[in-house]
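Remarks on the structure that follows.
Keep in mind that this is a model prediction, so the values were computed, not measured.
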Amino acid sequence: MIKQLSVFLENKTGRINEVCKVLAANNISMQAFSMAESADFGILRLIVDKKHEAVEVLRQHNFAVMLTDVVGIACPHVAGSLSRVLECLASHDVFIEYMYAFASGEVANNIIRTNDNERCEQILRDNNYCVLSSNDL
Amino acid sequence: MSRDEMHQLQSNRLRRLVSLVYHNVPFYRAKMQQLDLLPDDIRSIDDIVKLPFTTKQDLRDNYPFGLRAAAPADVIRVHASTGTTGSPTIVPYTRRDLSVWSEVVSRSLTAYGVTRDDVFSVSYGYGLFTGGLGAHYGVENLGATVIPASTGNTEKHLRLIHDLKITGIACTPSYALYLAETMAKLGMTKDDIYLRVGAFGAEPWTENMRHEIEERLGLKAYNIYGLSEIMGPGVSYECEGQNGSHINEDHFYPEIINPDTLQPQPVGTQGELVFTTLTKEGMPLLRYRTKDLCALQPGSCPCGRTSVRMGRIMGRSDDMLIIRGINVFPSQVESVILTMPELEPQYMLVVDRQGNLDTLQVQVEVRRDYFSDDMGRMLQMKKQLGERLKNVISINADIRLMEPNSIQRSEGKSKHVIDKRKLE
């Protein structure tokens with residue numbers, strides 16, 4: 001299971017960069033991130049190399065931050081491959097709360113938050129999909 | 001009435017009042033005994049400074065009927081105050097109290113130039129709040145036609161204002177402006193209606209609002225002041241001079257004190273307004289601290305009335321806010337926030353006036369280690385706080401979730417309110 005950092009942010013110019021600066025100052029590298037927003041606040045979700053250290057330094061800087069379990073899956077970077085994954089999950093009644101993806105070269109990595117991450121990983125493994133761990137990113 | 005006659009009348013009534021509460025209200029007897037005071041020690045109104053004060057907390061501590069001086073069977077109506085923490089304030093009235101109340105409201109209306117030929121809409125809320133029924137009986141007592149419109153359904157109300165040729169209205173000043181806006185939306189102007197006089201109160205308002213109301217509704221706008229603990233609307237009223245409100249001081253004796261030292265202040269000095277109900281039977285109060293800050297005005301009034309006038313209310317000596325006519329204490333908001341573990345009890349209330357309606361924004365900090373990664377849950381949390389607040393303070397607040405430590409902390413007594421409304 002991959003641990004994702006979720007950071008609560010007010011909608012204010014420069015706030016995302018405040019997070020980036022804290023991480024940079026502590027030599028923490030980001031592998032992926034996504035921003036969910038509402039009218040007056042947002043949730044920044046990011047995958048970093050040193051997650052526990054990241055939580056600590058962000059809290060020291062008064063950010064509301066927590067670790068969340070998410071499922072990582074790598075699939076071929078070709079048309080239709082994500083659709084097959086999602087169809088598999090839907091057929092097993094796994095509900096996706098949110099997801100984001102990043103593709104490079106021949107591989108597309110997807111981060112998925114579902115209503116039951118453990119079962120989701122098991123289903124993906126049973127169907128021979130490539131489930132990612134923190135070390136794979 | 002000359003000042004000497006008023007002094008005599010007030011002295012007589014105070015003596016009777018002190019004897020009444022000493023013998024009928026254990027709370028006051030105990031307080032006077034603590035001060036080594038007997039009813040006979042109070043000989044004239046000048047001795048009032050010897051008497052103990054009464055606070056809102058005393059009313060709460062004696063909930064519901066601990067301060068009642070009349071026999072239960074003699075109480076014919078009960079009102080309760082709006083939006084307070086803990087117990088509401090219960091005010092029992094005897095038949096004579098209601099008659100005095102009608103009389104003081106009628107006096108106010110007469111000062112505004114209302115006569116029995118007027119058709120008068122009472123657009124304060126009817127119910128436990130004193131505004132609706134208080135104004136209603138005053139209009140009836142005067143002999144004008146009362147239209148008990150209450151609040152809400154503004155378009156229908158406007159239609160009645162037009163069709164029934166309503167000439168007078170009693171409501172909050174913000175509702176008057178809302179009426180004007182609705183009129184504009186319906187393509188009506190002041191020339192389509194017959195309003196000529198308005199009695200506005202129950203919330204602080206400004207000279208600018210007065211001008212705007214007068215301009216847009218085509219009427220003369222007068223202040224009416226009151227508070228449920230003392231009676232309700234009609235404690236004081238403006239005359240045609242619109243310069244200070246005449247206090248019905250034969251029934252409600254005013255003093256201005258320094259809220260810190262509790263010492264009486266000379267006429268003309270700002271301080272906390274204190275009232276003694278000289279003729280009340282249901283729940284008479286000695287030196288009730290209103291927490292409203294204002295000054296009594298020296299000198300006689302060009303209108304010929306000899307009763308003392310009070311200036312505009314300049315603020316509160318506690319942290320109570322009046323938002324859309326509803327009393328709100330920051331502590332109420334705090335107690336609601338404390339029911340939600342995801343939130344820090346760090347908050348700021350930002351009160352503003354947009355258009356002509358008071359707005360309340362509640363900024364509250366999310367806890368560092370206890371927020372949800374789920375946007376739906378976060379929005380639900382916002383909604384839940386909004387609903388819980390609405391239950392407690394009866395106001396739809398705009399909730400803003402803030403980052404930890406983003407709300408300014410202050411040394412000592414923390415500051416929880418930013419009031420951007422201009423009340424000059």
Answer yes if the side chains of [X] and [Y] hold a donor-acceptor pair under 3.5 Å, and no otherwise.
X         : Y         : value
Thr182(B) : Thr154(B) : no
Gln122(A) : Asp126(A) : yes
Lys56(B)  : Thr89(B)  : yes

Please classify the contact of [X] with chain B as side chain, backbone, both or neither, using a heavy-atom distance under 4.5 Å.
X        : value
Gln4(A)  : side chain
Ser38(A) : both
Val7(A)  : backbone

Q. Is the count of non-hydrogen atoms from other residues, nucleotides or ligands lying under 6.0 Å from Lys420(B) atom NZ greater than 12?
A.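 Atom NZ in Lys420(B) is not packed in, count stays at 12 or less.
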
Q.
Check this for me: Glu181(B), atom CD, are more than 12 non-hydrogen atoms of other residues, nucleotides or ligands nearer than 6.0 Å?
A.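 Count over threshold, so yes.
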
Q. Is the cationic atom of Arg45(A) (NZ for Lys, CZ for Arg) positioned less than 6.0 Å from the six-membered ring centroid of Tyr100(A) and within 45 degrees of its normal?
A. no

Q. Would you call the rings of Phe129(B) and Tyr124(B) parallel, tilted or perpendicular, where under 30° means parallel and over 60° means perpendicular?
A. perpendicular

Q) Taking the six-membered ring for Trp, are Phe8(A) and Phe371(B) parallel (under 30°), tilted (30 to 60°) or perpendicular (over 60°)? A) perpendicular

Q.
Which one wins on heavy-atom pair count under 4.5 Å against chain B: Arg113(A), Arg59(A), Glu97(A)?
A.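 The answer is Arg59(A).
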
Q) Would Arg400(B) and Asp40(A) pass as an ion pair if we require N to O under 4.0 Å? A) yes

(Q) Any salt bridge linking Arg159(B) with Glu155(B)? Criterion: basic side-chain nitrogen under 4.0 Å from a carboxylate oxygen. (A) no

Q) Yes or no on side chain to side chain donor-acceptor pair (under 3.5 Å) for Arg388(B) and Thr339(B), after CA distance, side-chain angles and deciding distance? A) CA-CA 9 Å; Arg388(B) 287 184 188 180; Thr339(B) 64; 2.8 Å; yes

**Q.** Residues of residues 9-25 of chain A with any heavy atom under 4.5 Å of a heavy atom in chain B
**A.**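 Answer by number: Leu9(A), Glu10(A), Arg15(A).
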
Q) Heavy atoms under 4.5 Å from chain B: which residues of residues 73-92 of chain A carry them? A) none

